[in-house]
There are 2 protein chains.
Amino acid sequence: MKNNSVKDLLLNTGTQSQVKVNGWVRTFRANRFIALNDGSCIDSIQCVIDFKNFDDSTLKKINTGTSLEITGSLVESQGSGQKFEIIVSKLEILGECDSDKFPIQPKKHSFEFLRDNAHLRTRTSTFSAIMRLRSSLSFAVHSYFNSNGFYYVHTPIITTSDAEGAGEQFRVTTLDPKNPPLNEKNEVDYSKDFFGKETSLTVSGQLEAETYAMSLGKVYTFGPTFRAENSNTSRHLSEFWMIEPEVAFMDLNGNMDLAEDFLKHLLNHIIKNNIDDLSFLEQRLTNEEKTKPQNLRSDMSLIDKIRFVIDNDFKRITYTEAIEILKNSKPNKKKKFKYLIENWGADLQSEHERYLVEKHFKCPVIIYDYPANIKAFYMKLNEDNKTVKAMDILFPGIGEIVGGSQREENLDILNCKMKDIGVNPEDLWWYTDLRKFGTAKHSGFGLGFERLIMFATGMSNIRDVIPFPRTPQNAEF
Amino acid sequence: MKNNSVKDLLLNTGTQSQVKVNGWVRTFRANRFIALNDGSCIDSIQCVIDFKNFDDSTLKKINTGTSLEITGSLVESQGSGQKFEIIVSKLEILGECDSDKFPIQPKKHSFEFLRDNAHLRTRTSTFSAIMRLRSSLSFAVHSYFNSNGFYYVHTPIITTSDAEGAGEQFRVTTLDPKNPPLNEKNEVDYSKDFFGKETSLTVSGQLEAETYAMSLGKVYTFGPTFRAENSNTSRHLSEFWMIEPEVAFMDLNGNMDLAEDFLKHLLNHIIKNNIDDLSFLEQRLTNEEKTKPQNLRSDMSLIDKIRFVIDNDFKRITYTEAIEILKNSKPNKKKKFKYLIENWGADLQSEHERYLVEKHFKCPVIIYDYPANIKAFYMKLNEDNKTVKAMDILFPGIGEIVGGSQREENLDILNCKMKDIGVNPEDLWWYTDLRKFGTAKHSGFGLGFERLIMFATGMSNIRDVIPFPRTPQNAEF
């Protein structure tokens, strides 16, 4: 007999005279009701046993965490709380679970504790819901691009180039760690390293993705990226996943349209496909917020926030307009901002972004046309010669979720800007080649995948939305 | 007016009074016919100009590689070779292309030359077709698992564990490369490294995926993996993409069924969705084979080979049966094998695998139940105490494309096997935890994604099926 998943039994099969299901015990109460979960959905299936039919020694092995194979009939449940339940005819203990030692008990654990047990935390409802949502959002990424004529590109992870011109990178090497070979100048001789030169982990696939946009037209990357920054915050990871579409012949306006449509599609996908997991996380968030003072609680529930983003246009303003709003804002006049906004050209801090999104506009905001000198070298210079065609999308509670730009396609300007920041154009010969041979306007953006999952799940620490987080001092598992 | 893709114009729109399209010139002949390609599909669209309507200076700029924006009417083509063509009313040069300098000319280039120009090689028909197929196969991976109840897991890239117990790994570090800090024992002090311990790039996500299978039930990974092996062959990369499903409560038979069904689904997907690209690559392969002696040519065309795999059951034999066949084979008796098969226990070399697949069975072969001592520690020991529930899938022309196993779920046996090979079970405490708390049988496999693409495209060098290949001494771009 075929195994059934709990999801199938609860949603698809209807009553059946004989079913078989495997899973892990969540709870066992009154020597009669086993809640069995197999990870296929948020719900466990209630398995009802008549203790007279089973050995006492078997029943004593049924603890939270025990794995079971259960055979029985699927019937409509008499009790409330579930539509179907299994009347158990056969029960096999697959693997015992010592309740004195098993870290995951049917009680509230702190997220810190569960991070230390990241290999078991998906046996809780909260983390299984988060990770199913992560999976669903990943699929939505691929299905959106696939149905819109984009091609998926696997840009390299080990690289000799640095997309930002300044990102802190991890070195990748097989040289002797203690006594590396030295050259005549008494420097480490990377010509003897595995790749014959110094290599590091990528901070972005954008530059390589541009080469594919300039041949296949519409492409995207979705892969891991790395930052060796020593920032231990709830919003930063050393290893995270990024989605970077890149489109030939598209300008900044098209780029903003694409990003907004894409984000709405992703969120719509989970509303349509994952409402049970979302409802569970919504309740969790509501309970968590009840412990906070009234003024720190959200006006909207988790699902309302998601629907709000889907249903409303993002507010689009230039950087110059943003500065005007901020200059005249109450927190600026009352000197409540840590960094006061005085002049055009100031870099926007997270306090400013939050004010614009959460207080002033109360909706997602796209800021575009930033000062050239606070943005990356590859962004297209506007005709004013001082701003670039860059755009950032800011989400409530999350801050920057997307950063993008139209790229500088003019070879002379690009060369100048590279030299200005100390990048040798010859090191990026292949990147400048794109401007020599049939150049054209093109644009793209990067979406930090974990930031999106934080928004979609209501989790406030980025370590809780990736299976095994990597942060300074931590690469366990 | 909206931009149209070439694919849309050729397949979807029908004749139209006015269309706009952007792309790169493939050829310009007779001062009249521009073949314009935008990467959306293998075909270029023929754009017909009346040279009397355009400046001579404009026409002179139309070379192979020039980027253009063309406006005109889409009409049924008078000529043969295409169904539709554009009668050009307006033509704008977006980016010129100096034909003396542009490496990609309308002639045959060697694959070696194109690897040195990997940033431009997708402007050729061959490489754009390969990379569109790579994208399509990626999507097929996700859609297969999504529609079969699997969850996608992003296992970590930077890791402190080594799945094979023996793989050569790249070190990831931010320590001073020349003067690393040393500890009291005069060894490199990794406690001062970014993660507080020695870290490397993952060789497989399997061990972490097992933790998710043992909570979410059915999961898969699809991400980059790394081997720091100094092997410069046409079948090895230092950075490659791997797909690793892992399923709780599934045995080795289920694993073989899953792998076979999965591979057939992937190949079926491209037959249904990418027949134009496949036909182009089939013709390329046929032309290439014409330059070879008759006995080295394939009996089947590329598409026939793909269909053969879809339509036929894979042959399943035990390792013991394979050894018997090989022992009695002609090349073994005539001492034509480099490594003669004499005894049970011998490791199978690629010459043996090729004989079984290409000469003996002439179809994909699954070999299972291998000797324990030539396989990894985590594979489930059979009751004979000498073989393990491992399986490899061998494809014609490619060799091993899938390797998998049922995993050892018995804690005592697993601990013994780890100690035997010098792995400290405490280093993998989280992996052994899975056997302590509700253990259950589970299985999975790894599919080398580039090997599959080689089979699907007929390419014989693995460097030609990944955008920017990383191999010893090479990490350009």
Side-chain angles (χ1 to χ4, degrees), chain A residues 3 5 22 24 38-40 65-67 94-95 97 102 119 122-123 128 132 135 138-139 142 146 149 151-154 156-158 160 170-174 177-178 180 188 194-196 199 208 211-212 215-217 224 228 239 241 249 430 433 437-440 467-468 470 472-473 475 477, chain B residues 3 5 22 24 38-40 65-67 94-95 97 102 119 122-123 128 132 135 138-139 142 146 149 151-154 156-158 160 170-174 177-178 180 188 194-196 199 208 211-212 215-217 224 228 239 241 249 430 433 437-440 467-468 470 472-473 475 477:
Chain A
N3 284 345
S5 72
N22 295 277
W24 294 270
D38 69 354
S40 61
T66 301
S67 55
L94 301 176
C97 190
F102 187 46
H119 62 308
T122 35
R123 296 217 198 154
S128 65
R132 280 189 299 269
S135 173
S138 296
F139 186 68
H142 291 296
N146 186 66
Y151 296 107
Y152 183 26
V153 189
H154 290 124
I157 309 301
I158 299 172
T160 51
F170 292 102
R171 200 164 67 254
V172 174
T173 180
T174 58
K178 194 177 155 189
V188 173
F194 190 90
F195 294 108
T199 49
E208 288 91 352
T211 70
Y212 268 54
S215 49
L216 299 182
E239 173 180 318
W241 284 66
F249 314 115
W430 50 273
D433 262 10
F437 305 121
T439 191
F468 299 97
R470 269 73 181 102
Q473 299 299 313
F477 306 104
Chain B
N3 282 346
S5 72
N22 295 278
W24 293 271
D38 68 354
S40 60
T66 302
S67 53
L94 301 175
C97 191
F102 187 47
H119 62 309
T122 35
R123 295 217 198 154
S128 64
R132 280 189 298 268
S135 174
S138 296
F139 187 69
H142 291 296
N146 185 65
Y151 297 106
Y152 183 26
V153 189
H154 290 125
I157 310 302
I158 298 173
T160 51
F170 291 103
R171 200 165 67 254
V172 174
T173 181
T174 57
K178 194 176 155 189
V188 172
F194 189 90
F195 295 108
T199 48
E208 287 91 352
T211 72
Y212 268 54
S215 50
L216 299 182
E239 173 181 319
W241 284 66
F249 314 114
W430 50 273
D433 263 9
F437 305 121
T439 191
F468 298 97
R470 269 74 182 104
Q473 299 299 313
F477 307 105

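Residue numbering restarts at 1 for every chain, and letters A, B, ... go by the order of the sequence lines.
- Within the model, atoms CG of B:L216 and OG of A:S135 stand 8.5 Å from one another, a figure rounded to the nearest 0.5 Å.
- B:F468 has its side chain within reach of A:T211: a pair of non-hydrogen atoms, C-beta onward, lies under 4.5 Å apart.
- Counting heavy atoms from C-beta outward, B:F195 and A:R470 have side chains that approach closer than 4.5 Å.
- Aromatic pair A:F139/B:Y152: ring centres not closer than 6.0 Å.
- Residues passing the side chain to side chain donor-acceptor pair (under 3.5 Å) test with A:T199: none are found, sequence neighbours excluded.
- With chain A as partner, the option from B:S128, B:P472, B:S138 having the largest number of non-hydrogen pairs under 4.5 angstrom is B:P472.
- When the candidates B:L94, B:I158, B:T66 are compared by the number of heavy-atom contacts under 4.5 Å with chain A, B:I158 comes out ahead.
- Annotation: maximal heavy-atom pairing with chain A below 4.5 Å, among B:P177, B:G196, B:P180, B:A440, occurs at B:P177.
- When each of B:R132, B:E239, B:E208 is checked for heavy-atom pairs under 4.5 Å with chain A, B:E239 comes out on top.
- Using cut-offs of 30° and 60° for the angle between ring planes, the A:F170 and B:F194 rings count as perpendicular.
- Heavy atoms of A:N22 lying under 4.5 Å from chain B belong to its backbone as well as its side chain.
- With values rounded to the nearest 0.5 angstrom, A:I157 atom CD1 is found 5.5 Å from B:W241 atom CH2.
- Taking 4.5 Å as the limit, every side-chain heavy atom of A:H119 sits out of range of all side-chain heavy atoms of B:Y212.
- Annotation for A:A475 and B:T160: closest pair O-OG1, 3.4 Å, computed over non-hydrogen atoms.
- For B:N3 against A:F249, the heavy-atom pair with the smallest separation is ND2-O, 3.9 Å.
- In this structure, chain B has a heavy atom under 4.5 Å from the side chain of A:W24, while its backbone stays farther away.
- Applying the side chain to side chain donor-acceptor pair (under 3.5 Å) test to A:T173 and every residue at least two apart in sequence or in another chain returns A:D193.
- Between B:P467 and A:P156, every side-chain heavy-atom pair lies at or beyond the 4.5 Å cut-off.
- Ranked by heavy-atom pairs shorter than 4.5 Å toward chain A, the options B:V188, B:T439, B:D38 are led by B:T439.
- Listed options B:G39, B:G217, B:G438 were ranked by heavy-atom pairs under 4.5 angstrom with chain A; first place goes to B:G438.
- Taking CZ of A:F437 as the start and OG of B:S67 as the end, the distance is 12.5 Å to the nearest 0.5 Å.
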